[in-house]
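Submitted below is the structure of interest, expressed as structure tokens.
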Amino acid sequence: MYEILSKKTLNATVEQMEIKAPFVAKRAKAGQFIILRVDENGERVPLTIADYDREKGSITIIYQIIGKSTQKLSQLHEGDALADFVGPLGKPSEIDDVKKAIVVGGGVGCAIALPVVKALSKAGKEVTAITGFREASLVILEDQFKHYTKDYHLFTDDGSKGSKGFVTQGLEACLKENKDIDCVYAIGPLPMMKFVSLLTEKYGVKTIVSMNPIMIDGTGMCGGCRLTVGGETKFACIDGPEFDGHLVDFDEALMRNSIYEKSQKHQEESCHLLEKEVQID
Ligand code: FES
């Protein structure tokens, strides 16, 4: 069993947990993920490692409460334990050849963008962070981004915090000002990563995207995370989750994601109806 050392609310639907998992913490790197199960009958939930502490033997995860499993996870408290916590899985972020980078995070994707920022900063690279949210109440990890970067830009769609607009506006301004950026990392919703990649292609800047939004069981078995990269079939959970954004077929990924979301919604509605029927009986 894996003990929950601490739990924190980041906004109305996003929470952070620190889990005691010494073997995972020992080998964890930015960009990798874990798979947890809340209890023995629970679904496998893949989540990117938001932080790790090797001395303490802990892993920090950040999750959005969107389905049955994350709701179950959210009902747990400090001192409770998870049935399974496997990892680190996937390939770590490639940062060695980078000198000057921009990390773009969108919404809850910022939880994955932060460890990349942290790894770049700790390795002595020059890093700018640009994060975007729908509105002020959804902003997360602002202080941490400020702490690890010299240059941090916050955007909200409605202008309720930071600058009004989208991350691509901030990114274009930074790319115009800094001709020596050698890599952009984009982590967030698929449409955001698609438009970041289209923009950086125009400027000829290498771009890495994290294809976590379409991961399901994280084992290479379900095929849920299948995507096309440079005309080849890849699996985000074993070949990624990071890929060259200029080679990813985003339109296919967006289509697959919308099919999955519809079927997930359908399943949840069916479960809800079933629960109601059971109560009535
Ligand atoms: Fe199932 Fe990758 S998440 S194959």
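We count ligands from 1, going down the list as the structure has it; atoms in each ligand are counted the same way.
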message: Please compare Gly240, Gly223, Pro241 and report which has the shortest non-hydrogen distance to atom 4 (S) of ligand 1.
response: Gly223
message: Main chain of Leu76, side chain of Asp80: is a donor-acceptor contact present, judged purely on distance under 3.5 Å?
response: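 It does not hold such a pair.
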- prompt: Is atom 2 (Fe) of ligand 1 under 2.8 Å from any N, O or S atom of Cys222?
  reply: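 Short answer: no, not a single N, O or S atom is under the cut-off.
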- request: For Met221, counting its heavy atoms only, list the atoms of ligand 1 lying under 4.0 Å from any of them.
  value: 4 (S)
query: For the residue pair Tyr152 and Phe145, does the interplanar ring angle fall in the parallel (under 30°), tilted (30 to 60°) or perpendicular (over 60°) class?
result: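 Taking Phe145 first and then Tyr152, their aromatic rings lie parallel (interplane angle under 30°).
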message: Can you check the angle at atom 2 (Fe) of ligand 1 formed by SG of Cys225 and SG of Cys237? Round it to the nearest 10°.
response: 100°
message: Strictly by side chain to side chain donor-acceptor pair (under 3.5 Å), give each pair with a member in residues 106-126 just once, sequence neighbours left out.
response: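 Non-adjacent pairs meeting side chain to side chain donor-acceptor pair (under 3.5 Å): Asp51-Lys118.
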message: Quick test of your reading: applying side chain to side chain donor-acceptor pair (under 3.5 Å), list the pairs with at least one residue in residues 186-200, sequence neighbours left out, ordered by first then second residue.
response: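 Every side chain to side chain donor-acceptor pair (under 3.5 Å) pair that includes a residue of residues 186-200, provided the two are not neighbours, is Lys194-Asp251, Thr200-Thr207, Thr200-His246.
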